[in-house]
2 protein chains.
Amino acid sequence: MVVDRSSRLDRVFHALAHPARRAILRQLSVGERNLSELASPLQMTFPAASKHVRVLEGARLVRRRVAGRQHLCRLQAAPLRDAVLWTEQFRRHWEARFQALDALLEELKSEERLRPRRS
Amino acid sequence: MVVDRSSRLDRVFHALAHPARRAILRQLSVGERNLSELASPLQMTFPAASKHVRVLEGARLVRRRVAGRQHLCRLQAAPLRDAVLWTEQFRRHWEARFQALDALLEELKSEERLRPRRS
DNA sequence: TCGGTCTACTACCATATAGTTTAGTATACC
DNA sequence: GGTATACTAAACTATATGGTAGTAGACCGA
């Protein structure tokens, strides 16, 4: 099985795996913000927050434009759609009805196994 | 802003951030597998693969039961639902109509911010 | 029951990447 | 120029990833 290391999906999921970065995305969902605005609510130094923004940029979840000394960041949600699409392939596994159906099938199968019809 | 480090969501997204682990989940979506079966298609040693399974267990995406010398793994998809639910909050951002509208609004707002009206 | 094999684990090492802090650079404003 | 603001770069620690070597337990055939 070929494992495409450092693919786009890797970067997106990795970007989402840190609460600070998820907090940044939530802030950006409201609208454009500069780095200081993004950093101030986080309990860490400015450079740490800046690096988290960089990770989000690497995952193409954030785009930045420089305006004077400010770096204005904007949400780019398209990669999130890809992440959801990948995860959705397991939807049937977490839906209760399917699980119930699964259980029923298993029950029938094991009955079949225990009491095979004579030919 | 309080950032709940090492939360459940952190572990789930981190677990999904590696192609080998995603490949393992895809295998398990078909049905129960033991570690050898999970490891063999991956281009890495058995211990490396075993560690990936352990990461998936830590995220509660995989449950293991021991049967003789085999460790049988089964998919637990519920945490994937949580991941999707978190991501879905951005759905409107990746849907085209909203993006166009959003872009227009942001353009107006940032103009306002960079060139504040004199009172 | 004994040895061989299969399945999986642990321990340890090397390397790469993540995450954070301290120190430094550039831009705007007075 | 001087100073505050906005951000970057370098450096350092912690964690992740993947390898090798050795161990333990279950199964199987002679």
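Predicted model only: the values in this text are computed from it and were never measured. The figures here come from the full heavy-atom set of this structure, side chains too, leaving out hydrogens, waters and symmetry mates. Order of the sequence lines sets the chain letters (A, B, ...), proteins ahead of strands, with each chain counted from 1.
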Would you say A/H71 reaches D/dT8's phosphate, i.e. side-chain N/O to OP1/OP2 under 4.0 Å?
yes
Can you check side-chain contact (heavy atoms from CB on, under 4.5 Å) on A/L61 and A/L25, steps first, answer last?
CA-CA 8 Å; A/L61 285 165; A/L25 289 181; 4.3 Å; yes
Round to a whole Å and report the spacing from CZ of A/R64 to P of D/dC7.
8 Å
Salt-bridge present (A/R92, A/E95; N to O < 4.0 Å):
no
Looking at B/R65, is its backbone amide N or carbonyl O close enough to the side chain of B/R74 to form a donor-acceptor pair, meaning the two atoms are under 3.5 Å apart?
no
For the backbone of A/F46 and the side chain of A/S50, can you confirm whether one donor and one acceptor N or O come within less than 3.5 Å of each other?
no
Under 30°, 30 to 60°, or over 60°: which ring-plane class applies to A/H18 and A/H52, parallel, tilted or perpendicular?
tilted
Test item: B/R33 side-chain N/O and B/L38 main-chain N/O as donor-acceptor pair under 3.5 Å
no
Where along residues 46-56 of chain A does a heavy atom fall under 4.0 Å from DNA chain C?
A/P47, A/A48, A/K51, A/H52
Rounded distance (Å) that lies between atom P of C/dA28 and atom CG of A/N34
14 Å
Does B/S36 place a side-chain N or O at less than 4.0 Å from the phosphate oxygens OP1/OP2 of C/dC6?
no
Using atom CZ of A/R33 as one end and atom P of D/dC7 as the other, report the distance to the nearest whole Å.
13 Å
Using atom CG of B/L16 as one end and atom P of D/dA16 as the other, report the distance to the nearest whole Å.
15 Å
Donor-acceptor pair, B/R64 side chain versus B/C73 backbone, under 3.5 Å?
no
Gap between atoms CG and P, on A/L42 and C/dG19 respectively (whole Å)
13 Å
Can you measure A/R11 atom CZ to C/dA16 atom P for me and round it to whole angstrom units?
18 Å
In whole Å, I'd like the distance from the NE2 atom of A/H18 to the C1' atom of C/dG19.
7 Å
Between atom CD in B/Q70 and atom P in C/dT5, what is the gap in whole Å?
19 Å
Between NE2 of A/H14 and CG of A/L56, what distance do you get to the nearest 0.5 Å?
10.0 Å
Any side-chain to backbone donor/acceptor pair from A/R11 onto A/R60? Under 3.5 Å, distance only.
no
Closest to the side chain of A/M44, out of D/dA16, D/dT20, C/dT20, is C/dT20
Set out, line by line, the N/O atom pairs under 3.5 Å between protein and nucleotides 26-30 of chain D.
residue	atom	partner	partner atom	Å
D/dA26	N3	B/R69	NH1	3.4

Taking the nucleotide of DNA chain C with the closest heavy atom to each, which residue, B/L72 or A/T45, is nearer the 5' end?
B/L72
